[in-house]
Amino acid sequence: MPTVTPEIARLFHSRPYGESVRFLRSQLPAPPDIALVLGSGLGDYAESLPRSIIIPSAGIPSYPKSTVPGHKGQIVFAELAGRNLIVFQGRMHLYECNDLSRVLFPIAVAAELGAGTLIVTNAAGGINRQFAPGDLMLITDQIDLTFQAPGIPGDRRGNRDLYDHELTEHASRLASARGLSVQRGVYAAVKGPSYETAAEVEMIHRLGGDAVGMSTVKEVAFASALGMRVLGISCITNKATGIGSSKLDHEEVTEVAGRVKINFADLLTDCISGMVMQFAFLQ
Ligand code: HPA
């Protein structure tokens, strides 16, 4: 894996991912092309995939464990439309561990195994007043409000255009073809674990955020710095504090994520299948 800065390289000295990579290589029938990270309440998609191999992360040497309800902490390998997928059911959050090496670990592993594309998903609170719970949002850009060092630099060209335009357009066209209404917007991340206050949501709105969550930004910055192409999809599970009237809790988030599961799964399957046709020339 290309190391992006000495600081990032040092992160992985304390948590080497080589053992996990070797173990996964011994279990996987083929190197993955696409890595998919499934956020809160969205993990079931992995189990719907054909001919999947499920690898509990507890059995993977050096692999960090997530503690959040709704995150199964499994890795699923599957083949879909000729593409090999490595799927991470759930993720580690900064608020759980305060340790960036754990948060970035699956990305490092996926990149080292050979995945060139990352599809990242999450549950998020809607700040844009046009958004309703149950909407899907294609992430066009992000704002990192986690205030967690070390920062992650751009790739070698200094590029900080993190989300791949072509993949995003592709997802948008596929969603329209299915009659799904898909929003687009800027995802802002706070560290959590508490939900934002209404004043914080208003601040994020003024800064240009359309949705808020507690994940994704570090993984995407890192994947992009490693040269991966990134598609990001948020499931808007609730109106952020102060935007709607209902009280916010984690059950509501997983319940709404559960309801949009079918649209979400259809869109993911279309995107992955379509990537084969659209990007076949890249092979
Ligand atoms: N805020 C932060 N994270 C979230 C939210 C929210 O409103 N909904 C789902 N994840």
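Positions are given from 1 along the sequence. Indexing begins at 1, ligand by ligand and atom by atom, following the structure's order. Treat the numbers as computed from the prediction; the structure is a model and nothing was measured. Hydrogens, waters and symmetry mates are skipped; everything else that's a heavy atom, side chains included, is used.
Summary of contacts: the protein heavy atom closest to atom 10 (N) of ligand 1 is A123 O, 3.4 Å. If you check which protein heavy atom lies closest to atom 8 (N) of ligand 1, you get N238 OD1, 2.7 Å. In this structure, atom 3 (N) of ligand 1 lies nearest to the protein heavy atom G213 CA, 3.4 Å. The protein heavy-atom contact nearest to atom 2 (C) of ligand 1 is E196 OE2, 3.1 Å.
Between G125 and ligand 1, at least one N/O pair is under 3.5 Å apart. At a 3.5 angstrom cut-off on N or O pairs, Y195 does not count as close to ligand 1.
With 3.5 Å as the limit, one finds no donor-acceptor pair spanning the side chains of H205 and E202.
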Open item on the list: Quick one, Q89 with Y45, criterion side chain to side chain donor-acceptor pair (under 3.5 Å). Give me CA distance, side-chain angles, the key distance, then yes/no.
Closed with: CA-CA 9 Å; Q89 261 179 321; Y45 178 70; over 6 Å; no

TODO: Could you give me the CA-CA distance, side-chain angles and deciding distance for R184 and E169, then say whether salt bridge (charged side-chain N to carboxylate O under 4.0 Å, His left out) is met?
DONE: CA-CA 10 Å; R184 283 171 188 241; E169 284 311 315; 3.1 Å; yes

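No path of Ile, Leu, Val, Met, Phe, Trp and Tyr side chains, each step under 4.5 Å between heavy atoms, connects I262 with L49, placing them in separate hydrophobic clusters.
Side-chain atoms of L138 and Q183, non-hydrogen and from C-beta on, never get closer than 4.5 Å to each other.
Using the six-membered ring where Trp is involved, F105 and Y17 have ring planes that are perpendicular, over 60° apart on the 30 and 60° scheme.
The contact set between ligand 1 and T237, taken as ligand atoms under 4.0 Å from a residue heavy atom, comprises 8 (N), 9 (C).
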